[in-house]
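Okay, structure first, notes after.
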Amino acid sequence: MTRVLICGDLVWAHRECEDLFQGLAEVIRMDSPNRSDFFANLQPGGKYDGIVGIYRHNISADQIGIFDKELVSKLPSSVKWIAHNGAGYDQIDISACKERGIFVSNTPGAVDDATATTALYLLISALRLFAHAEQDLRTGKWKSSHRAGAAHDLTGRTLAILGLGGIGLRLAELAHAFPMRVVYHNRHPAPHAPAWAEYFPAERLDEMLAGADALSVHVPLKKETEGLVGEDMIRKLKKGAVIVNTARGKVIDEDALIRALEDGHLGGVGLDVYPNEPEVNPRLLQFPNATLLPHMGTETSDSQKKMEIRALTNLHDFLTKGAGGDLVPEYRK
């Protein structure tokens with residue numbers, strides 16, 4: 001029987017996994033304690049020999065590391081599909097997969113609501129300085145250090161969204177309800193964008209930044225987006241603007257961000273992601289106007305179950321239809 005590998009255990013979708021693959025494929029669970037054991041068991045005669053598809057969760061990196069070029073090169077030639085659980089897939093070397101004829105899917109859509117509501121929380125807290133107020137309350141200071149002049153309502157403010165994909169669009173819908181003015185920048189106009197979301201192309205990006213009260217970052221981490229939000233972009237924001245990041249930590253130049261907090265150019269930040277997770281730059285902890293979360297974007301049972309089912313469904317569809325429905329963009333160029 002066809003064999004598939006669960007790489008990073010399931011938490012919420014055990015029954016759905018059984019239903020999807022019963023009579024279709026033997027489901028093998030990856031239980032290697034380390035990378036060398038994983039490589040050994042990929043060899044002919046090993047317990048992972050002959051697998052044709054892999055369900056992958058980032059937690060598997062704790063045992064076997066990321067799916068870099070070395071790991072991808074060790075996969076049996078029988079492997080043709082990697083169904084990644086997550087919207088971001090920077091832990092997979094897509095170029096190495098393409099060279100080996102392996103397709104990769106992710107789980108867009110399943111993460112949109114949970115990540116967008118995380119961004120909304122960070123946006124509200126950054127503009128209203130709620131994190132600082134809570135810190136004061138917990139230390140018995142009530143609101144003695146709160147400065148109303150530094151806090152702002154969302155109503156009537158301008159939210160700039162860098163990357164209007166599924167998460168960015170869901171945040172736009174939530175922010176529009178206040179209402180906030182919503183503007184966005186993509187490489188091309190988003191075909192699904194509502195009429196009230198104003199598009200700013202590259203030649204008008206500076207104009208968008210200059211008019212923004214808040215910039216929310218929703219671009220994937222790739223070589224070309226590392227440090228995308230750098231000194232130049234940050235300084236083009238109006239003084240007192242806030243930045244929210246629920247994408248990936250390395251998309252923002254952290255040193256430039258900290259400098260802008262230190263000299264007051266930024267009025268605050270709301271961060272759920274960091275360049276070297278789980279480590280957090282201790283300098284960020286010193287800013288009372290920084291709302292910081294430990295990568296909580298999809299940390300709900302509802303979203304995680306949706307993500308597991310969607311990734312498993314992509315693997316199922318590969319086996320039954322020849323392809324999953326969420327092929328990552330690099331294969332669609």
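Ile309 and Ile54 fall into different hydrophobic clusters, where Ile, Leu, Val, Met, Phe, Trp and Tyr side chains are chained together by heavy-atom contacts under 4.5 Å. Side-chain heavy atoms closer than 4.5 Å link hydrophobic residues (I, L, V, M, F, W, Y) into clusters, and following such links, possibly through other members, connects Leu120 to Val242. Leu266 is not connected to Val273 by any chain of hydrophobic side-chain contacts under 4.5 Å among Ile, Leu, Val, Met, Phe, Trp and Tyr, and they are in different clusters. Placement of Met30 and Val104 within a single hydrophobic cluster is found when ILVMFWY residues are connected by side-chain heavy-atom separations under 4.5 Å, directly or transitively.
Inter-residue side-chain proximity for Lys250 and Asn276 is flagged as met; some heavy-atom pair is nearer than 4.5 Å. The side-chain heavy atoms of Ile66 and Leu71, taken from C-beta on, include no pair separated by under 4.5 Å. Considering only heavy atoms from C-beta on, Glu16 comes within 4.5 Å of Lys305 through its side chain. Between Leu271 and Val244, the closest side-chain pair of non-hydrogen atoms is not below 4.5 Å. The shortest side-chain heavy-atom distance between Val269 and Asn245 does not fall under the 4.5 Å cut-off. Considering only heavy atoms from C-beta on, Gln135 stays 4.5 Å or farther from Lys141 through its side chain. Inter-residue side-chain proximity for Thr2 and Leu24 is flagged as unmet; no heavy-atom pair is nearer than 4.5 Å. The side-chain heavy atoms of Leu169 and Pro194, taken from C-beta on, include a pair separated by under 4.5 Å.
Separating the CE atom in Met180 from the CG atom in Leu154 is a distance of 4.5 Å, to the nearest 0.5 Å. Remark: Lys306 NZ to Asp112 CG distance equals 8.0 Å, nearest 0.5 Å. Here the CG atom belonging to Asn106 is positioned 8.0 Å from the CZ atom belonging to Arg310, to the nearest 0.5 angstrom. One finds the CD atom of Glu299 at 11.0 Å from the CG atom of Leu293 (value rounded to the nearest 0.5 Å). For the atom pair CG (Leu123) and CZ (Arg157), the distance works out to 11.5 Å, reported to the nearest 0.5 Å. In this structure, CD1 in Ile161 is found 13.0 Å from NE2 in His185, a value given to the nearest 0.5 Å.
Without hydrogens or angle criteria, Arg181 side chain to Thr155 main chain gives no donor-acceptor distance under 3.5 Å. The closest donor-acceptor contact from the side chain of Thr107 to the backbone of Ala110 lies at 3.5 Å or more, if one exists at all. In this structure, Asp93 contributes its side chain and Asp68 its backbone to no donor-acceptor pair below 3.5 Å. The backbone N or O of Gly297 lies less than 3.5 Å from a partner atom in the side chain of Asp272, making a donor-acceptor pair. At least one donor-acceptor pair under 3.5 Å links the side chain of Asn34 to the backbone N or O of Asp37. At least one donor-acceptor pair closer than 3.5 Å links the side chain of Thr118 to the backbone N or O of Ala114. Counting only distance, with no hydrogens or angles, the side chain of Lys98 and the backbone of Glu330 share a donor-acceptor pair below 3.5 Å. Formation of a donor-acceptor pair under 3.5 Å by the His265 side chain with backbone atoms of Leu261 is not found in this model. Between the side chain of Arg3 and the backbone N or O of Lys47 there is at least one donor-acceptor pair closer than 3.5 Å. Between the side chain of Glu308 and the main chain of Val11, a donor-acceptor pair closer than 3.5 Å is present.
The two residues His152 and Gly149 have their closest heavy-atom pair at CE1-O, 4.0 Å. When all heavy atoms are compared, the tightest approach of Leu5 to Arg29 is CD1-C, 4.1 Å. Ser105 and Ala83 make their closest contact through OG-CA, 3.4 Å (heavy atoms, listed as atom of the first residue, atom of the second, distance). Of all heavy-atom pairs between His316 and Leu20, the closest is CD2-O, 3.0 Å. Residues Ser32 and Asn41 share a closest heavy-atom pair of OG-ND2, 4.4 Å. Considering every non-hydrogen atom in both Leu292 and Leu284, the closest pair reads CD1-O, 3.9 Å.
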Margin query: Run Val229 and Asp253 through side chain to side chain contact (heavy atoms under 4.5 Å, CB included) and show every step you take.
Written below: CA-CA 6 Å; Val229 182; Asp253 180 336; over 6 Å; no

Next item on the list: Tell me, with the steps shown, if Asn281 and Tyr274 meet side chain to side chain donor-acceptor pair (under 3.5 Å).
Entry: CA-CA 8 Å; Asn281 191 323; Tyr274 309 88; over 6 Å; no

Next item on the list: Could you walk me through whether Leu159 and Val183 pass the side chain to side chain contact (heavy atoms under 4.5 Å, CB included) test, one step at a time?
Entry: CA-CA 6 Å; Leu159 170 64; Val183 298; over 6 Å; no

Checklist line | Intermediate values then yes/no, side chain to side chain contact (heavy atoms under 4.5 Å, CB included), Leu42 and Ile51 | finding: CA-CA 9 Å; Leu42 290 170; Ile51 56 172; 4.3 Å; yes

Next item on the list: Show the numbers, then the answer: is there a side chain to side chain contact (heavy atoms under 4.5 Å, CB included) between Val52 and Leu319?
Entry: CA-CA 9 Å; Val52 301; Leu319 296 177; 3.7 Å; yes

Next item on the list: May I have the step-by-step check of salt bridge (Lys or Arg N to Asp or Glu O under 4.0 Å) for Glu134 and Arg138, ending in yes or no?
Entry: CA-CA 6 Å; Glu134 182 177 358; Arg138 289 180 180 275; 2.8 Å; yes

Margin query: Let's go through Phe38 and Tyr48 carefully: what are the C-alpha distance in whole Å and the side-chain angles of both, what is the deciding distance for ring-ring contact (aromatic ring centres under 6.0 Å, His included) to 0.1 Å, and is it a yes or a no?
Written below: CA-CA 8 Å; Phe38 181 64; Tyr48 313 136; 5.6 Å; yes

Note to self: What verdict does the side chain to side chain donor-acceptor pair (under 3.5 Å) test give for Gln91 and Arg56, after you've listed the backbone C-alpha separation in whole Å, the side-chain angles of each residue and the deciding distance to 0.1 Å?
What the structure shows: CA-CA 10 Å; Gln91 289 195 8; Arg56 181 193 181 274; 2.7 Å; yes

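More than 12 heavy atoms of other residues, nucleotides or ligands shown are found within 6.0 angstrom of NZ on Lys238. More than 12 heavy atoms of other residues, nucleotides or ligands shown are found within 6.0 angstrom of CD on Glu203. The neighbour count for His188 NE2, taken as heavy atoms of other residues, nucleotides or ligands under 6.0 Å away, does not exceed 12. Other residues, nucleotides and ligands place no more than 12 heavy atoms under 6.0 Å from the CD1 atom of Ile59.
Under the 4.0 Å criterion applied to side-chain N and carboxylate O atoms, Glu262 and Arg259 are not assigned as salt-bridge partners. A salt bridge does not link Lys74 to Glu70: none of the charged side-chain nitrogens sits closer than 4.0 Å to a carboxylate oxygen. In summary, Lys143 and Asp136 do not engage in a salt bridge, as defined by a charged side-chain N under 4.0 Å from a carboxylate O. A salt bridge links Asp19 and Arg15; the closest N-O separation between the charged side-chain nitrogens and carboxylate oxygens is under 4.0 Å. Ion pair Arg283/Glu254 not flagged as a salt bridge, since none of the NZ, NE, NH1 or NH2 atoms sits closer than 4.0 Å to an Asp/Glu carboxylate oxygen. In this structure, Arg235 pairs ionically with Glu231, as a charged nitrogen and a carboxylate oxygen lie closer than 4.0 Å.
Side-chain contact annotation: Ser144 with His146, donor-acceptor N/O pair under 3.5 Å absent.
In this structure, Arg204 is positioned above the aromatic face of Phe200, its NZ or CZ under 6.0 Å from the six-membered ring centre and within 45° of the axis.
Using bins of under 30°, 30° to 60° and over 60° for the plane-to-plane angle, the ring pair Tyr331/Phe103 lands in the tilted bin. Under the 30°/60° scheme for interplanar angles, the aromatic rings of Tyr199 and Tyr184 are found to be tilted.
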